[in-house]
Amino acid sequence: MKTLCITSRSCSVLLDPEGLYQAREKRMLTLNGEPLDEEYRSVTSLFDLEPDTEYTLESRTESGGAETLTFRTKGELCTLDVRDFGAKGDGTADDTAMLQAAILSCPAGGRVLVPAGDYVTGPLFLKSRITLEIAAGATLLLETDRNRFPILPETVPADNPDGEVLMGLWEGNSEDGFASALTAIDVTDTAVIGEGVIDGRGGEGDWWIRPKEKRIARRGHLLYTQRCKGITVQGLTFVNSPSWNLHPAFSEDLDFIDVQIRAPWDSPNTDGFDPESCRNVRLLGTEISVGDDCIALKSGKLRLGKKYKRPCENVEIAWCAMLDGHGGVTLGSEMAGGIRNVRVHHCYMRGNDRGLRIKTRRGRGRDGVIDDILFEKVRMDGVKMPLIVNSMYFCDPDGHSEWVQTREKQPVDETTPRIGEIRFEQVEATGCKACAAYVLGLPEQPAEHIALKDCSFTFDPEAEAYVPVMAEQVEPCRKRGMILKNVGKVTLDRVRHEGTEGPWLDAENVEEINER
């Protein structure tokens with residue numbers, strides 16, 4: 001066992017490093033000798049702890065294994081209860097001003113407590129060096145009338161080297177956007193914790209009606225950070241976001257641990273976790289089931305990528321479950337600043353359209369480099385398309401244009417993105433539908449190195465034909481092996497497959513294939 005994060009009132013612990021989202025065995029836990037609920041997951045969290053106090057956690061498995069972990073919680077200056085600031089929590093009264101007053105009044109090192117109750121609120125703005133705890137039984141119910149939401153302007157002119165300060169972002173561009181349920185701008189060393197719920201009520205307003213249409217401003221999120229550092233989000237449940245759920249942007253040193261993210265399968269663009277141009281990010285022990293990509297790493301479209309050159313980098317995603325959703329873990333397609341040094345491991349996926357997914361296109365730019373990516377120890381059940389690398393993703397107004405979709409070589413220039421080394425190790429996929437892997441590089445800039453090691457693919461005998469990647473000129477297929485187009489080097493080491501029909505490898509414009 002080891003601790004993953006500690007606050008003044010909580011602690012998250014890794015119980016089973018070799019488990020996936022669920023541990024290999026259930027654990028019987030005791031804290032300072034007092035029994036806790038049985039735990040089936042690899043990551044668990046403890047709440048209702050006292051500040052600056054030492055605790056001993058004991059874990060026993062059914063097979064007889066036992067471990068002990070001792071930790072001390074952080075200190076805490078004081079607690080401000082939002083009820084003392086006039087919040088009603090009755091599900092009817094507008095508690096926005098009372099909640100915001102408690103946050104703004106909290107001194108550095110203090111805690112704002114939201115006790116059990118239903119709090120109707122507009123967007124709340126966080127501040128530095130505090131802990132906001134949304135306790136068990138507490139729900140923040142986001143206002144549904146967009147006319148009552150603050151707007152974050154896309155940029156503000158500034159006397160700095162960039163000549164601007166970014167505020168609102170929308171799908172890789174700077175645009176006016178509504179503030180999010182929890183909004184943090186230039187916030188440092190703040191934690192948002194608890195066993196409570198943040199409900200965006202996306203289906204109760206008009207957020208999911210004509211979702212791509214800009215009405216006043218772009219849809220907001222449940223959590224949005226801009227230029228923040230040292231943010232911890234732990235234990236909370238996020239549901240029914242107006243748009244993407246968690247959207248940290250241009251921020252660093254971020255921990256998202258043991259959170260739950262849910263939206264209906266048909267809710268539009270409700271991505272679960274979309275860090276954009278962030279560095280040093282951990283998403284651990286999290287379950288996601290949404291109406292779009294469960295996780296999507298991003299770094300903007302061409303203007304932001306070219307101007308700020310800020311990649312999404314140093315990212316760890318582990319012990320997570322991605323259930324349903326279009327993509328399990330996606331890199332792109334807004335990646336003009338690049339994505340690098342990403343490790344996804346010990347994760348479980350079920351029922352996604354596509355599992356591990358990389359998507360880019362002409363127009364993302366020469367700074368749009370995806371490199372040093374490792375997916376390992378991932379299990380998939382019933383995922384139609386396990387592995388995707390797509391350099392002709394048909395997003396944006398010009399996505400279906402001849403320039404984006406042509407299979408003829410184009411000039412390599414400042415608009416051309418690049419895919420470097422992508423590794424898949426110990427990936428096990430059962431119930432596959434279309435093909436095991438589909439790699440579509442650019443003819444003028446082939447994907448440099450795709451490597452699979454100790455991977456296995458088993459196909460659903462009743463699989464129906466399915467279009468494997470979102471690009472033009474791609475035919476539906478079923479129970480195919482690996483389809484490779486425009487790749488430099490392919491390394492296949494102990495790759496097993498069962499139930500395929502036709503040749504295992506279908507390669508076009510691939511320079512080198514090494515298979516063992």
List, one per line, each side-chain donor-acceptor pair under 3.5 Å for residues 505-513, sequence neighbours excluded.
residue	atom	partner	partner atom	Å
Asp506	OD2	Arg480	NH2	2.7
Glu508	OE1	Lys485	NZ	3.2
Asn509	ND2	Asn486	OD1	2.7
Glu512	OE2	Asn514	ND2	2.8

Output a table of donor-acceptor pairs, distance under 3.5 Å, between side-chain atoms of residues 272-287 and any protein atom two or more places apart or on a different chain; print 'none' if there are none.
residue	atom	partner	partner atom	Å
Asp274	OD1	Ala296	N	3.4
Glu276	OE1	His247	NE2	2.7
Ser277	OG	Arg310	O	2.9
Arg279	NE	Glu313	OE2	3.4
Asn280	OD1	Asn314	ND2	3.0
Asn280	ND2	Asp253	OD1	3.0
Arg282	NE	Asp255	OD1	2.8
Arg282	NH2	Leu4	O	2.7
Arg282	NH2	Asp255	OD2	3.0
Thr286	OG1	Val259	N	3.4
Thr286	OG1	Leu284	O	3.3
Glu287	OE1	Tyr21	OH	3.4

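- Applying the salt bridge (Lys or Arg N to Asp or Glu O under 4.0 Å) test to residues at least two apart or on different chains, the pairs with a partner in residues 344-353 are Asp353-Lys384.
- Scanning for salt bridge (Lys or Arg N to Asp or Glu O under 4.0 Å) contacts around Glu154 gives an empty result, with sequence neighbours left out.
- Considering only residues two or more places apart in sequence or on other chains, Pro211 meets the side chain to side chain contact (heavy atoms under 4.5 Å, CB included) condition with Arg219, Pro268, Asn269.
- Within the structure, salt bridge (Lys or Arg N to Asp or Glu O under 4.0 Å) pairs that include any residue of residues 224-244 comprise Asp186-Arg227 (at least two apart or interchain).
- In this structure Glu462 satisfies the salt bridge (Lys or Arg N to Asp or Glu O under 4.0 Å) test with no other residue, sequence neighbours excluded.
- Residues meeting the salt bridge (Lys or Arg N to Asp or Glu O under 4.0 Å) test with Arg494, sequence neighbours left out: Asp454.
- Sequence neighbours left out, the pairs with a member in residues 326-338 that pass salt bridge (Lys or Arg N to Asp or Glu O under 4.0 Å) are Lys298-Glu334.
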Show the atom names and distances, to 0.1 Å, of all donor-acceptor pairs under 3.5 Å that link a side chain in residues 464-475 to residues at least two apart or in another chain.
residue	atom	partner	partner atom	Å
Glu472	OE2	His400	ND1	2.4

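- Residues that satisfy the salt bridge (Lys or Arg N to Asp or Glu O under 4.0 Å) test with Glu175, not counting sequence neighbours, are Lys214, Arg218.
- For Gln226, the side-chain hydrogen bond (donor to acceptor under 3.5 Å, both in side chains) partners two or more places apart in sequence, or in a different chain, are Tyr224.
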